[in-house]
Amino acid sequence: MGPETLIGEIRARLGPAVEGVADSFGDPVLVLRAADVRPALAALREPPFDYAVLLDLTCVDYAAGEGRFELVYHLYSLSRNVRLRLKASVPAADPAVGSLVGLWKNAEWLEREVFDMFGVRFEGHPYLRRLLTYEGFEGHPLRKSYPWRLEQPRIPMKGEG
């Protein structure tokens with residue numbers, strides 16, 4: 001199955017969830033509606049698409065506009081040896097999307113990292129809390145609006161009162 005055929009079949013299966021298609025260095029990129037991320041990725045995990053591996057999840061902060069945050073998912077099909085990149089924009093006012101926990105085991109860790117660094121919430125995540133910073137850390141350090149001179153609350157050292 002060639003890339004054009006594959007994208008055509010995915011578009012036919014996912015319908016209006018796919019807002020656009022692009023190419024990035026030879027890999028297909030699908031742009032999804034944020035509300036349809038979980039059902040769309042669940043469909044891509046099953047045959048005939050068989051994207052059984054969630055390679056990565058990251059986020060981009062464009063700092064302005066309605067779709068300020070863009071989630072980027074990287075999938076891989078072991079049976080066909082092909083990659084697929086999916087993007088979904090989430091609004092700045094309420095950055096939230098459905099969680100992929102339950103579809104891929106590593107989604108729990110990846111979503112916690114994006115939550116900690118960018119503040120994007122994953123609805124349905126069973127344990128959404130900070131991962132790389134400590135509880136009490138103020139803000140999300142990879143947001144472009146994060147004040148880089150902000151002093152964080154001190155963590156008491158062991159033995160300090």
Side-chain angles (χ1 to χ4, degrees), residues 3-4 6-8 10-45 49 51 53-76 82-104 106-155:
E4 293 83 20
L6 175 67
I7 295 301
I10 289 173
R11 287 189 88 154
R13 175 82 178 261
L14 300 181
V18 178
E19 292 182 325
V21 177
D23 181 86
S24 177
F25 301 103
D27 288 335
V29 180
L30 294 179
V31 180
L32 300 175
R33 290 191 309 202
D36 297 323
V37 164
R38 182 174 169 90
L41 271 71
L44 292 173
R45 192 176 190 283
F49 306 114
Y51 285 99
V53 180
L54 174 62
L55 292 173
D56 196 14
L57 163 62
T58 190
C59 183
V60 180
D61 182 359
Y62 289 109
E66 181 59 30
R68 174 180 173 175
F69 299 104
E70 185 175 71
L71 296 170
V72 183
Y73 299 87
H74 295 258
L75 302 180
Y76 180 69
V82 292
R83 295 173 185 255
L84 180 64
R85 185 178 310 156
L86 301 110
K87 296 180 177 182
S89 293
V90 291
D94 184 26
V97 68
S99 174
L100 299 180
V101 172
L103 296 175
W104 288 281
N106 63 337
E108 184 175 341
W109 185 275
L110 296 170
E111 289 175 351
R112 282 183 62 192
E113 183 180 11
V114 169
F115 169 73
D116 191 6
M117 296 290 111
F118 292 94
V120 175
R121 290 180 294 104
F122 293 89
E123 295 171 351
H125 192 288
Y127 193 65
L128 194 60
R129 54 179 275 196
R130 292 195 177 267
L131 178 67
L132 302 174
T133 60
Y134 56 90
E135 292 300 324
F137 189 92
E138 296 175 0
H140 303 281
L142 291 185
R143 281 189 175 191
K144 290 197 174 168
S145 59
Y146 182 79
W148 61 276
R149 290 186 178 210
L150 177 67
E151 289 191 29
Q152 293 293 326
R154 287 194 66 215
I155 301 173

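The analysis underlying the following values was restricted to heavy atoms, covering all of them including side chains, and did not include hydrogens, waters or symmetry mates.
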Does some side-chain heavy atom of [Y] sit less than 4.5 Å from a side-chain heavy atom of [X]?
| X | Y | answer |
| --- | --- | --- |
| L110 | D56 | yes |
| L30 | K87 | no |
| V37 | Y73 | yes |
| V21 | V31 | no |
| E138 | P153 | yes |
| Y127 | V101 | no |
| E19 | L32 | no |

Less than 3.5 Å apart, any donor N or O on the side chain of E70 or Y62 sitting next to an acceptor on the other?
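Distance-only check passes for E70 and Y62.
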
Nearest 0.5 angstrom please: [X] [atom1] to [Y] [atom2], how far?
| X | Y | atom1 | atom2 | answer |
| --- | --- | --- | --- | --- |
| D61 | S145 | CG | OG | 6.5 Å |
| K144 | F69 | NZ | CZ | 10.5 Å |
| L55 | H74 | CG | NE2 | 8.0 Å |
| Y51 | I10 | OH | CD1 | 4.5 Å |
| L41 | L54 | CG | CG | 7.5 Å |
| T58 | M117 | OG1 | CE | 11.0 Å |

Which is it for R38 and S99 under the side-chain hydrogen bond (donor to acceptor under 3.5 Å, both in side chains) test, yes or no, and what are the steps along the way?
CA-CA 7 Å; R38 182 174 169 90; S99 174; 5.4 Å; no

Check D36, L71, V114 against V97 for a side-chain contact (heavy atoms from CB on, under 4.5 Å) and give me the one that passes.
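Of the listed options, the one satisfying the test is L71.
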
Verify side chain to side chain contact (heavy atoms under 4.5 Å, CB included) between L44 and L75, making sure each step is shown before the conclusion.
CA-CA 9 Å; L44 292 173; L75 302 180; 4.2 Å; yes

Residue R121 excluded, over 12 heavy atoms near CZ under 6.0 Å:
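Above 12, so yes.
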
Counting only heavy atoms from other residues, nucleotides and ligands, does the tally under 6.0 Å from CD of E123 exceed 12?
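Count over threshold, so yes.
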
Checking L6 against F49 for the side chain to side chain contact (heavy atoms under 4.5 Å, CB included) test, could you report, in this order, the C-alpha distance in whole Å, the side-chain angles of both residues, the deciding distance, and whether it holds?
CA-CA 8 Å; L6 175 67; F49 306 114; 3.9 Å; yes

Between [X] and [Y], is there a donor-acceptor pair closer than 3.5 Å when you use the side chain of the first and the backbone of the second?
| X | Y | result |
| --- | --- | --- |
| H140 | D116 | yes |
| R45 | L103 | yes |
| R112 | R129 | yes |
| E111 | H125 | no |
| R68 | P91 | no |
| E113 | L132 | no |

For [X] and [Y], which heavy atoms make the closest approach, and how far apart are they?
| X | Y | value |
| --- | --- | --- |
| P28 | I7 | CB-CD1, 3.5 Å |
| S89 | A34 | O-CB, 3.4 Å |
| P95 | R143 | CG-NH2, 3.9 Å |

Given V53 and N106, is the side chain to side chain contact (heavy atoms under 4.5 Å, CB included) satisfied, shown in steps?
CA-CA 9 Å; V53 180; N106 63 337; 6.0 Å; no

